[in-house]
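Written out below as structure tokens is the structure these notes cover.
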Amino acid sequence: MIYGFASRLGDISFDWESRRCSRLFLEGCGFDDGENPVSVWLSSYFEGHALPLPPIAPPKTPFQGRLRKALLEIPFGETRTYGELARTLHTAPRALGQALGANPLPLLIPCHRVVGANGIGGFSCGIEWKQALLEFERNS
DNA sequence: GTTTCAGATGTTC
DNA sequence: GAACATCTGAAAC
């Protein structure tokens with residue numbers, strides 16, 4: 001089931017199956033029931049204080065599990081570079097980018113807090129979102 | 001000092 | 001196998 005959420009930065013929608021969130025899109029479609037745990041989490045996030053994560057689908061690969069954990073340790077409003085994270089996970093910077101792009105849960109898993117050493121890097125759902133999110137977190 | 005380039009590198013599909 | 005949301009160091013200006 002696809003639900004929607006209208007945030008101050010744009011429309012968001014997400015896939016809610018079997019009482020957990022399996023995918024999240026940074027574009028609008030679906031309706032907002034306002035009671036879904038993901039909607040609740042999103043509204044708390046956009047008020048500047050994120051709650052504990054709602055249930056989400058398990059990682060597709062073991063590496064994504066490690067990546068997820070590392071990303072969740074980046075505090076709200078801070079960023080890491082691809083190189084730094086690659087060193088903590090004992091992997092190559094480029095491999096990180098590949099795995100981040102394959103992440104089906106942007107925002108919930110804060111993949112937007114990873115930037116390039118020279119430049120902002122990339123973002124699967126549109127670079128405008130990444131910039132807007134980082135600016136929003138900085139000013140919160 | 002700054003800019004440019006090639007090579008290394010691990011995960012994903 | 002090929003593609004990739006990168007980094008680093010060395011060489012040239």
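Side chains included, hydrogens not; waters and symmetry mates left out as well; all remaining heavy atoms used. Numbered from 1 within each chain, the chains take letters A, B, ... in sequence-line order.
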Inset, instruction - Ignoring backbone atoms, test whether A/Thr61 places a side-chain nitrogen or oxygen under 4.0 Å from the OP1 or OP2 oxygen of B/dT11. - result: no

Legend entry - Atom pair distance, as rounded to whole Å: CD in A/Gln98 and P in B/dT9: 18 Å

Legend entry - Interatomic spacing from CG in A/Leu53 to SG in A/Cys21 - rounded to 0.5 Å: 10.0 Å

Legend entry - Selected nucleotide, minimal atom distance to A/Arg94 side chain, candidates B/dA8, C/dA5, C/dC7: B/dA8

Legend entry - Complement of B/dT2, any strand, by Watson-Crick or G-U distances under 3.5 angstrom: C/dA12

Inset, instruction - Measure the distance from CG on A/Leu89 to P on B/dT12 and round it to the nearest whole Å. - result: 11 Å

Inset, instruction - Report the nucleotide, chosen from C/dA5, B/dT12, B/dT9, that has the shortest atom-to-atom distance to any side-chain atom of A/Phe63. - result: B/dT12

Inset, instruction - Would you mind reading off the distance between A/Leu85 atom CG and C/dA5 atom P, rounded to a whole angstrom? - result: 17 Å

Inset, instruction - Compare the minimum distances between each of C/dC7, C/dA5, B/dT9 and the side chain of A/Phe123, then state the nucleotide with the smallest one. - result: C/dA5

Inset, instruction - Give the rounded distance in Å between these two atoms: CD of A/Gln64 and P of B/dC13. - result: 7 Å

Inset, instruction - State whether a side-chain donor-acceptor pair under 3.5 Å links A/His112 with A/Gln131. - result: no

Inset, instruction - Report which part of the nucleic acid A/Tyr82 touches: base, sugar-phosphate, or nothing (heavy-atom distance under 4.0 Å, all strands). - result: base

Inset, instruction - In whole angstrom, give the distance that lies between atom CG of A/Leu105 and atom C1' of C/dA5. - result: 17 Å

Inset, instruction - Would you give the length of the straight line joining atom CZ of A/Phe14 to atom OG of A/Ser39, rounded to the nearest 0.5 angstrom? - result: 3.5 Å

Legend entry - Spacing of A/Glu84 atom CD relative to C/dA5 atom P, expressed in whole Å: 21 Å

Inset, instruction - Determine the contact category for A/Gly101: base if any of its heavy atoms lies under 4.0 Å from a base atom, sugar-phosphate if only primed atoms, P, OP1 or OP2 are that close, otherwise nothing. - result: base

Inset, instruction - Look up atom CZ in A/Arg8 and atom CZ in A/Phe136, then write down how far apart they are to the nearest 0.5 Å. - result: 5.0 Å

Inset, instruction - Assign each of A/Ala102 and A/Leu96 to its nearest nucleotide of DNA chain B by heavy atoms, then name whichever residue's nucleotide is nearer the 5' end. - result: A/Leu96

Legend entry - Residue pair A/Tyr45, A/Glu137: steps toward the side chain to side chain donor-acceptor pair (under 3.5 Å) verdict: CA-CA 10 Å; A/Tyr45 172 83; A/Glu137 292 193 3; 2.5 Å; yes

Inset, instruction - Name the pairing partner of B/dT12, where a pair is Watson-Crick or G-U wobble with both distances under 3.5 Å, or state none. - result: C/dA2

Inset, instruction - Ignoring backbone atoms, test whether A/Arg87 places a side-chain nitrogen or oxygen under 4.0 Å from the OP1 or OP2 oxygen of B/dT9. - result: no

